[in-house]
Amino acid sequence: MASPNGGDDFESSLLSFEKLDRASPDLWPEQLPGVAEFAASCKNPINNSPPKWMAELESEDIEMLKELGSLTTANLMEKVKGLQNLAYQLGLEESREMTRGKFLNILERPKK
């Protein structure tokens, strides 16, 4: 149905017949590396073998994953903050040890 003011001409001028090649990794990079592979593995539920990422996990690792998966959002955030604090403390300790090593001249290379 044509409008009296030429609206169909305007709409047809907005159409693009350009074909975009979605196979190109440069045009459509994977946002999160590994997501496409993970999604493909989830599409085949008949496969009884564990996913590749689980092959190297030990029972201790699996238990930790189950524990973290059962935490509430608040508890998980608390756990993350604890890990951040631990990383910060380790960084401070490493800095102190590096300074100590510098003062004791144990980090210098032997002169040839």
Side-chain angles (χ1 to χ4, degrees):
M1 163 168 129
S3 63
N5 59 5
D8 284 341
D9 292 336
F10 177 71
E11 286 179 16
S12 64
S13 71
L14 295 176
L15 290 177
S16 172
F17 298 104
E18 181 181 2
K19 300 268 189 226
L20 296 177
D21 180 17
R22 291 187 177 266
S24 170
D26 294 331
L27 291 175
W28 306 97
E30 192 173 9
Q31 297 269 334
L32 299 171
V35 170
E37 183 180 314
F38 177 74
S41 72
C42 289
K43 287 181 183 176
N44 191 2
I46 299 170
N47 190 358
N48 290 333
S49 64
K52 281 191 254 180
W53 60 268
M54 282 191 73
E56 297 177 7
L57 295 180
E58 298 175 1
S59 61
E60 199 175 285
D61 300 327
I62 293 171
E63 287 301 315
M64 178 166 285
L65 282 174
K66 288 178 183 178
E67 177 189 334
L68 293 172
S70 67
L71 294 176
T72 64
T73 304
N75 290 345
L76 189 58
M77 291 302 295
E78 188 176 317
K79 187 84 165 174
V80 168
K81 286 179 185 176
L83 290 172
Q84 287 175 331
N85 288 338
L86 179 61
Y88 179 76
Q89 292 299 324
L90 286 172
L92 290 177
E93 187 177 330
E94 181 182 16
S95 175
R96 280 193 299 270
E97 292 299 322
M98 291 298 287
T99 303
R100 183 173 172 231
K102 183 179 175 183
F103 287 138
L104 294 173
N105 293 324
I106 61 173
L107 299 175
E108 286 184 7
R109 295 181 184 210
K111 296 178 180 165
K112 295 181 181 180

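Because only heavy atoms are used, hydrogens play no part in the values below, and waters and symmetry mates are left out as well, while side chains stay in. The structure presented is a predicted model; accordingly, all values stated were derived computationally and were not measured.
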Q: Can a donor-acceptor pair be found, under 3.5 Å and without considering hydrogens, that links the side chain of S95 to the backbone of G91?
A: no
Q: Quick check for you: to the nearest 0.5 Å, what is the distance between N85 atom CG and L90 atom CG?
A: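 Separation between the atoms: 11.0 Å.
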Q: Nearest 0.5 Å, please: how far is CG in L104 from NZ in K102?
A: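 If I round to the nearest 0.5 Å, the distance is 12.5 Å.
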Q: Rounded to the nearest 0.5 Å, what separation is found between the NZ atom of K66 and the CD1 atom of I62?
A: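 Rounded to the nearest 0.5 Å, the NZ-CD1 separation comes to 7.0 Å.
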Q: Can you measure from NZ (K79) to CG (L76) and round to the nearest 0.5 angstrom?
A: 9.5 Å
Q: Looking at E97 and R100, is any side-chain nitrogen of the basic one under 4.0 Å from a carboxylate oxygen of the acidic one?
A: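 Judged by the 4.0 Å cut-off on N to carboxylate O distance, R100 and E97 do form a salt bridge.
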Q: If I take atom CD from residue E67 and atom CG from residue L65, how far apart are they, to the nearest 0.5 angstrom?
A: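 Here the interatomic distance stands at 10.0 Å.
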